Amino acid sequence: MSRFAILALVATTACASGGTTPRTPTTTTTPARDTSAQGGTGSGALSSPLADPFPSTYTPVPSRPTVIRNVTIFTAVGPRIENGAILLRDGKIAAVGATVDAPADAVVIDGTGKFVTPGLVDNHSHMGVYAAPGVQANSDGNEATNPVTAHVWAEHSVWPQDPQFPRALAGGITTAQILPGSANLIGGRSVVLKIVPARTVQAMKFPGAKYGLKMACGENPKRVYASRGPSTRMGNVAGYRNAWIQAEQYRRRWDKWLADKKGDPPSRDLGNETLAEVLRGNILIHNHCYRADEMAQMIDIAREFGYQIRAFHHGVEAYKVADLLARDSIAASIWADWGAFKMEALDGVKGNMALVHQAGARTVVHSDDPSGIQRLNQEAAKGIAAGAALGITIREEDAIKWLTLNPAWSLGLHDRIGSIEVGKNADIVLWSGNPFSVYTRAERVWIDGAQMFDRSDPSEAWRTDFELGFVRRGGL
Amino acid sequence: MRGALRALGALGTLGALVAAAQAQTIAIVGGRVLPVSGPPIDGGTVIIRDGRITAVGRDIAIPDGAQRVDAAGKWVTPGIINPATQLGLVEVGQVRETRNATARGDDESAVRAAFTVWDGLNPLSVLFAPARNEGITTVAVLPTGGLVSGQGALVDIVEGGVSDMMVRSPIAMVAQVGDPESANAASRGELLLRLRELLEDSRAYARRRADFERAQTREFAASRLDLEAMQPVLAGRLPLLVVADKASDIEAALRLARDYGLRLIIGSGAEAWMVADKLAAAKVPVLVGSMVNIPGSFATLGARQENPGLLRRAGVDVALIGTGSDPDAFNVRNIKQEAGNAVAYGMTWDDALRAITLTPAELFGVADRYGSLQPGRVANVVVWSGDPFEFSTRVEHVFVRGVRSMAPSRQDELMTRYKTLPPSYRSP
């Protein structure tokens, strides 16, 4: 499909529009996995908390100590450091300040006129699950066969060769949460990835990151399931509550058995298992929800069943209930300027980020879009400007958190990434200038201390398998 | 049909005069003036009278009674022109009853040449004000869908009805050669075949109108109205705006234009840089964006952000279009971001400003009235706090046809309401 404006009838974003109409569900029988051949534990019939059946195999790329000097640093935890320096060593931030001691073997980079920030974190992406090119065969983001598909895991749809990954890295993205789409009330588990070249999704998985659970309010589920239900917002709410009722029974049954191991274990159910993990606090809720009134209802549902909502995603009306979000520590994961592509997005305003920030809630700049993810810094800049127009002064030092520490918090990773502090992972971006300028580009990106992107050296650029031969750099 | 179009054009001129009658004399003084048609003038003055620009330069006498606008430290440019939008045609993308950019026409041929999209334009769309308040004074409204989508118009964002807003109609016939499915075709070559058949039949129809009325011609590939609407295209008077991304599709459009002597504009053009020399040789301008770099389809495998800059360097006339989120309605305003990114990826700054002012005015045949700051031009003028492409820049003043026009948008009203909650909204 052409990207030309005049061809596009409606926003085609997977999540924003909710994707496909439901297909007839099919039942398939999957043979039980013979774990013995892989040396597994064979515990596949048990519903164990914090189980990790698809463990991360990510290992940082080996790196030399690196010093960037004479550079302006946005740390995301304090005032900007003018003419400062940073040392990356053994995958961690080893020092930051006006000056740092450079080890003898360090790569030393002069950052005059340039800026350093933490690697950007996007908590809402469909890279890999809606891979490019966007043909039907690559459409793996919405299991639109049932309104509740808590049993699916986004990582099982991720194609590591999606050419959208290297482009996001070139925009300074070092970590992204990949979510199922929003066709379903409960769409399934997310996965948190490092944006690195890999053959398998396991090799991209952020070690130790919690899973997220995608939920969706409003128009998308009721449109997708109009013929079989839910077909209304009240149907949606009944659907969430029914699912949590089942999940709570499941959790009690299993927690009891796990405590006393008496008798046969209860039968395992993948969907309820994921929901039970939410109730145990082991999985974080990421809730697609546009309208203010629906957010308030989702907060009540969370209270009814005893779980926390970590972030409302898309939240174009977050500014209307920013006080509620601040009160309950719920992040607003939002766009700078999307709106009006459907009724529930009608009241989108550019001041959303600033108004949420001013109310003391966490603003998160998210993309939901493989193009927007490459320019998240520009989206934050729009949010600052919109604040200024409202008389709300947002310091750049604070806005940088919208791109780094706040999304890291939404993923439960704020103690490891999202700011420039000694001991944190050395996920770093060197920008050609102020990251809030339209003319600025990411020049180099480090993940765990290893340089993964260098704009000045195209020969070293990450090209996915798909791009070989297909993506040419010459004329006809 | 053509008579009707001319009549509507005349109404447009009348509307301009009505608006101008309310205008006063305004002197924008001391700014960095960017006329686009000439070099920047630091500390320059722009005089507006009765809706027109009457003087531009340094050391210009300020007429008695002129309203003075201090632009010291500010930048002054022509109003921005977005050359590809659906403003007023689409209000809420997913609500069918608010979508008016597409004609159903004849399903089989997918030809809707007679469709004049401005007849369904809603001047009260709440999306006009946010665009205008960010410096977009003039937009092309274009139809979409099918093989031949219909005819677009150029409108100013002013209060009033469609005839008051009209700058020129039609400005282009819109067609496409990259998307067979939308045209009930099975392959790209079939799209070209259909377009050639349409052009042949339109020619034959024009020669045999009388026979056609007596039903003494063979069956033509399109309806009478469509065949009639294609005449200005065949005559080279109305540009054919062909939406095409793939380099080979653009080449096919170039062959078509050469064979029939058409005035061609390429729209979208993700891979246009790959055929930049051929476009330059054929003097075919392009409408492209600067934020497209994903091989999102097999037609855009070569998409890259350097596209506008590479095309300019090859000598192609480039107007920028929106390619970010919702670029044709809610975010028509983001054409400035497009320009900034074009610069970041190799277009010169001056070319980028031209690509959203004078070049689109030229493509749509209104450069004698729009797109630059010169005496005699329509007074669409924007005063910016700084570089218009930068996010931190504020729009200080927008003048459309000489009238300062910055009434709050619906979005502004929402933000004002929620910045300080009204008492009835205190409890959540």
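Computed from a predicted model, the values in this text were never measured in an experiment. Basis for what follows: all heavy atoms, side chains included, without hydrogens, waters or symmetry-related copies.
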### Short N-O contact, A/Asp347 and A/Lys320, less than 4.0 angstrom
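Yes, A/Asp347 and A/Lys320 are salt-bridged.
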### Query
Would you call A/Arg472 and B/Glu271 a salt bridge, using N to O less than 4.0 angstrom?
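A salt bridge is absent here (no side-chain N lies under 4.0 Å from a carboxylate O).
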[X] portion near chain A, given a 4.5 angstrom heavy-atom threshold:
X        : answer
B/Glu413 : neither
B/Tyr425 : neither
B/Glu91  : backbone
B/Asn331 : side chain
B/Asp277 : neither
B/Pro428 : side chain

### Query
Which residue, A/His366, A/Arg291, A/Glu344, forms the side chain to side chain donor-acceptor pair (under 3.5 Å) with A/His314?
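The residue from A/His366, A/Arg291, A/Glu344 that satisfies side chain to side chain donor-acceptor pair (under 3.5 Å) with A/His314 turns out to be A/His366.
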### Query
Quick one: of A/Ala340, A/Ala385, A/Ala386, A/Ala381, who has the most non-hydrogen atom pairs under 4.5 Å with chain B?
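Of the candidates given, the most pairs with chain B belong to A/Ala340.
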### Query
side-chain contact (heavy atoms from CB on, under 4.5 Å) with A/Ala336: which residues, sequence neighbours excluded?
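A/Ala336: side-chain contact (heavy atoms from CB on, under 4.5 Å) contacts with A/Met353, A/Glu379, A/Lys382.
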### Query
How would you list, by chain and number, every residue that makes a salt bridge (Lys or Arg N to Asp or Glu O under 4.0 Å) with B/Glu338, sequence neighbours excluded?
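Here no residue qualifies.
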